[in-house]
Structures are given as C-alpha cells and as structure tokens.
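The structure under discussion appears below in the form of structure tokens.
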Amino acid sequence: MQLARLASLLDKSLTTDQAKQIHCQIVVNRLNDLEPLLIRQTLNSAARYSPRTAHYVKVILRRMQKPDVFATSFTIRYLSQHGQFREALSVYEQMHSSGLFPNTFAVSSALKACARIVCKIGGLMIHGQAQKCGFCKVVFVQTALVDFYSKIGDMVIARKVFDEIRGKNVVSWNSILAGYVKYGDLAMAQSVFDEMPTKDVISWNSMVSGYARVKDMEQAYELFRRMPQRNAASWNAMITGYIECGKIELARSFFDAMPDRNNVSYITMISAYSKYGSVESAKELYDQMAEKDLLLYNAMIACFAQNNRAKEALQLFDEMLKPNANVQPDKMTLASAISACSQLGDSKYGTWIETYMGELGIGMDDHLATSFIDLYAKCGNIDKAHELFKSLQKRDLVAYTAMILGYGINGRGKEAIELFEEMMDADIIPNLVTFTGILTAYNHVGLVEEGYRCFMSMQRHGLLPSQDHYAIVVDLLGRAGRLEEAHELIKTMPMQPHAGVWGAMLLACSLHNNVELAEVAWKNCCELEPDSSGYHSLLANIYASAGRWDDAKRLRRAVEEKGLVKIPGSSWTECFESQQ
DNA sequence: GTAGGGTTAG
C-alpha cells in the first residue's frame, strides 16, 4: 500500500506531464495490488490531462485482470469521447454479455456512439436496457436518447423523450434543437429556440447553421449579428453557409474578418477552393498553418487528388508519413492517396498502401475498397477489382460506376452491361459518370443500337449528356459507318461541341473514307484547337486514300509552313506539366 | 449539444 500512497501523492503534488506519466507507469506495474479507487482516480486524471497520459488509459484498461463496472463503463465513455465508436459499442456488448450491469455513464456513452455511427438497432436496444435499469429518469441518459433519436431522424420519439425530461438542462434543449436543425425543420427549431429558458453559444450556433444550411443567409446573418457572444464555430457556420450558396468571396471575407481562425475554418475554406478548382488558393491557406493536424493534411491531399494533381497529392502524403509530421494517416487520407495512385497508374505505390494499411491496423471499408477497385481496374487487374467489388458491404452508385468504368476501359463490355442492369434492378440511379462508363462499354463491344438507346435514356433520368457523352456516341455511330446520323447528332447538341466530338467524327470519316464530312469535321477541329497538327494529317490521309494526292500534299505543306510539328507521344497533360 | 476531411470521368 506504500506504493499506492506514493502514487496518490505523486498525482496530487506533481503536475508536469512527466510526473503524471510516472504515476501512470507505477499504477500499470502494480495494477492488481492496488485499490480500485486509486485506479479510478488515475484513469480519470490520465484521460483528462494530456494525450501522453491518455495513452495509459488504454494500457491500464487492457491489463486489468478483472475490470469492474467502473473500469468497463469508463472504457466505453473514453472510447466514445475519442471517436472510437465501434470499439465503444463492442466493449458495451461484452459488458452486457458478461452479466455486468452498465452504469448511466456507460449507457449514455454507448448511445452517443450509436448516434454518431447511426446504428439504429443498437440505440433501440440500449434504450430498452436503460428502461430495465431504471435509467430513463436520469437527465444524462434522457438527453443522450434525445440526441440519438435526433441523429437518426426520428423527431417524434426524440420529442417524446424530451418532453418527459424533468429538469431539462441547456444540453437537453440543444439536442432537440440540433435535431430539428439537422432535418431542416427551421420552423420547429425556431420555436424551440424561442422557448428555451437559457440559450448558450451552442444554441445560437445551431440556429445560425440551420439557416445557413437551408441557404437562408439573411436570417443566418441576422442571428449572427444579434448573438451575445460568438466563437469560432459561429463564424465557421457562416462561412459554410456562404460556400453552400456558392459565394466563395463572401465566405473568404468572413474568414479574413474572424478573430480566431481554427483548423476547421481553414479546412472549410480549403475544401471550398478544392471544389471550385482553386488549388492555388487552397495551397496558400494550407501553407499558413504552422500546426498541421490530420484533417488539414487530408483536406489538402484530397484537394490535389480531386483536381488532377496526383503527383502533389502523393508528395504531401509522403511528407505526412515522415515521423516529424507527427500524424498518422487514416482511411480518408488513404482513399485520396489511392485515387492519386490510380490517376498516375501507379499500382506499385497502391499495393504498398494496401500493405501499409495492415501495419497501421486500418481495415478496408467500402469507400477505400472503391478506390482500390478503380486503381486495380485502371492498372488492368480487372479480376482483383471484381474480387474487391464482390466483397463490398453495400454496393452504392460510386462503387457500381467504378466497376462499370473498369470493365469499360478493359474491353469487357458484356460484364459492364450486366453490371449496369444489376444496378438499375437495385434501384440505384445512374449519374453522368456511370453513363460515361456504360457508353464506353457499348462502344467497345460495338452494340450500336443498344448504346444509342442507352444514350437516349439519359434524359429519362434527368441527365443532360455532356460533350464527352456525345463524343462517345459519335464514335459509336461513326465506327459503324453511320456517319450521317453522327453528324445529325452533333447538329442537335444543345451546347458547342468540343474538339473531342469533332475529332471522333473525323476519325470515323477516315475509317469510312468520307471526304465530304471529313472536311466539315476537320474545319471545326481546327477552329477549336488551331495549334494541333493531328487533325491535318488525319485529313491528309483521307485525301490520299481517296486519291486526291494534290489536296493531301497541299495540306501537308501548310502544316510545315505553319510550323505545326507533331510531337510523337505528346499529350495535353504533359504539355501542362512542362509549363509549370 | 454547434462548425471540418474520403471513393467513380474529363
């Protein structure tokens, strides 16, 4: 017991991080000799003090031979507070099956975990257990229930539980308020807000973000202006609102005006710039941050990956992996990194990431698997892609699209079409990207009628085909020799066709030796891309095979005179990179 | 209890 006293003394008298850690270490070493009360105190103080001491919480909990109700409940609360919701629930389940009765901390923490991962069944079960234990009159538990039902969108039950609370505190009121806000019921939210006996900054913030989310920035600003005190979240809610309305400049002016910007402010702005393709502005903000946390890295890596700057995405990812960066990548980071690998066709790096996931203890989820499906499909390993596809928990639009595209670019048209039909049967609505994939597949197998019908069906899904879709169909019709139809299709386009459309037309003309239409296509290509020489040589070839040698020669000479030299193997991306 | 990050094309 001397040790226990020493430990207790250390905890009380020494406040430095190191002393706390020594204390924790002593407790760890003599865990089974110590009184439960001391262990509780240690757990409590270690969890709160610093990340380093918090590390000992896990160690202590792991090493306890017979965890009591307190230690187990404490674990659940700790995990739930640190974002490890599934882990928290699994401990809760173990506790339950081992016959230990949870306390109110365990119940409310487990409910919080269910709310966050939207686990309806879990929350309903815990509600039942709480009722059995007689916890449903405890404000903490009741408030956790309101939060849970609000988060899963069941506002009727949330309201019922809320109305039963005696002695509602501001957190209870804020929970129901957040529920109405989340589901866009601003009228109910406003009436709750007006009814609240006391409002704190969180109540005001909820209302501001509520109006911001439904894009009513006038109301949002009015509340923002009137609120008695503001914190960073208030400003961030306004910034998010303006971004949602597409008013980036205005968002930026709030960002610039706010007194204490935090990482959330930066990440919000960076993501907005990313969405609108302003990578340089994003990078500028990113560079301003001295302390970079995981989410900030993720936002910037995602920004590069989403804007075709895969090399920079991977550079930053590498930088993040260095020990002095002091962060560990998570699922989000890896998903962007894999996307970058895929864009570069770098399957080696991608495979390395898969191994590295094991080292980090990161499991595959559907998002990550979708990135890998895309990666393996792009690198030609379509079987591995399909294997991953089969392993998905739930096949969503993006996963189907990635797989269909994969089949499309690998020439497996039949499989792509089957998958597309399966997707439609599952009532998943295709988007523009899906149609790019499926049309590519039809093109590949040469199913002209079916492909054309598929293209025409886009409008039924409320989709306006893009220039790329037109280009694929022009290619499809053109290759089949239906040049007139292809030409008619171009004429009906509601937007100006890009060079890819006319290029497909020109190519089709060269396959079928149609000089007349080739000249039309060629003329349009030259207007759209005057610096490209490829179109001239294509037309020259068409002239030549039609026996019009003079025209062919004239065109080739014109190319030389203009100094348009065809560089073999050059592409737009390479030109772009060499300019940077 | 309020504000932030991922996957499919070009």
Side-chain angles (χ1 to χ4, degrees), chain A residues 112 115 140 143-144 146-147 150-151 169-179 181-182 200-210 212-213 227 230-241 243 258 261-272 274 293-303 305-308 329-340 342-343 365-375 377-378 388 392 396-406 408-409 430-437 439-440 466-469 471-472 498 500 572-573:
Chain A
K112 185 185 167 190
F140 286 110
T143 301
V146 172
D147 177 47
S150 292
K151 287 230 167 71
N169 58 32
V170 69
V171 181
S172 326
W173 281 95
N174 283 342
S175 297
I176 193 89
L177 179 63
V181 162
K182 183 168 183 210
D200 64 4
V201 65
I202 290 179
S203 332
W204 284 90
N205 285 352
S206 287
M207 285 309 290
V208 170
S209 87
R213 224 175 289 179
M227 60 194 293
R230 300 179 192 104
N231 60 15
S234 331
W235 289 86
N236 291 340
M238 290 298 290
I239 292 172
T240 307
I243 290 168
M258 70 186 285
R261 286 181 282 274
N262 60 15
N263 278 18
V264 178
S265 331
Y266 278 88
I267 291 163
T268 309
M269 279 312 299
I270 288 172
S271 307
S274 171
D293 73 359
L294 173 64
L295 270 77
L296 195 63
Y297 271 110
N298 286 356
M300 198 60 226
I301 293 173
C303 176
Q306 287 161 1
N307 287 282
N308 291 318
D330 68 356
K331 289 183 174 176
M332 312 280 181
T333 332
L334 298 185
S336 295
I338 297 157
S339 164
S342 164
Q343 287 168 38
D365 71 359
D366 284 359
H367 268 333
L368 268 173
T370 305
S371 315
F372 276 116
I373 288 170
D374 174 59
L375 172 76
K378 293 263 169 61
L388 270 166
L392 292 175
D396 68 356
L397 170 68
V398 181
Y400 267 113
T401 304
M403 196 64 226
I404 290 169
L405 272 163
I409 54 179
N431 66 10
L432 290 175
V433 190
T434 323
F435 275 100
T436 304
L439 290 173
T440 307
S466 74
Q467 301 181 340
D468 295 327
H469 297 96
I472 299 170
H498 64 19
W572 281 111
T573 36

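The chains referred to below are lettered A, B, ... by the order of the sequence lines, with proteins before strands, and numbering in each begins at 1. Basis for what follows: all heavy atoms, side chains included, without hydrogens, waters or symmetry-related copies.
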[X] near the nucleic acid: base, sugar-phosphate alone, or nothing, with a heavy-atom cut-off under 4.0 Å?
| X | result |
| --- | --- |
| A/K182 | nothing |
| A/N263 | base |
| A/A302 | sugar-phosphate |
| A/T370 | base |
| A/R261 | nothing |
| A/Q467 | nothing |
| A/I176 | nothing |
| A/L177 | nothing |
| A/N169 | nothing |

Derivation and outcome, side-chain contact (heavy atoms from CB on, under 4.5 Å), residues A/D374 and A/S371: CA-CA 5 Å; A/D374 174 59; A/S371 315; 5.8 Å; no
- request: Extract, from 5' to 3' on DNA chain B, the first and final nucleotides lying under 4.0 angstrom from some heavy atom of chain A.
  value: B/dG1 to B/dG10
message: Could you tell me if the side chain of A/D147 sits less than 4.5 Å from the side chain of A/T143, heavy atoms only?
response: no
- prompt: Any sub-3.5 Å donor-acceptor pair from A/S339's side-chain atoms to A/A335's backbone N or O?
  reply: no
- request: Return yes if a side-chain donor-acceptor contact under 3.5 Å exists between A/N205 and A/N236, otherwise no.
  value: no
- request: Given side-chain contact (heavy atoms from CB on, under 4.5 Å), test A/I243 with A/M269 step by step and report yes or no.
  value: CA-CA 8 Å; A/I243 290 168; A/M269 279 312 299; 4.2 Å; yes
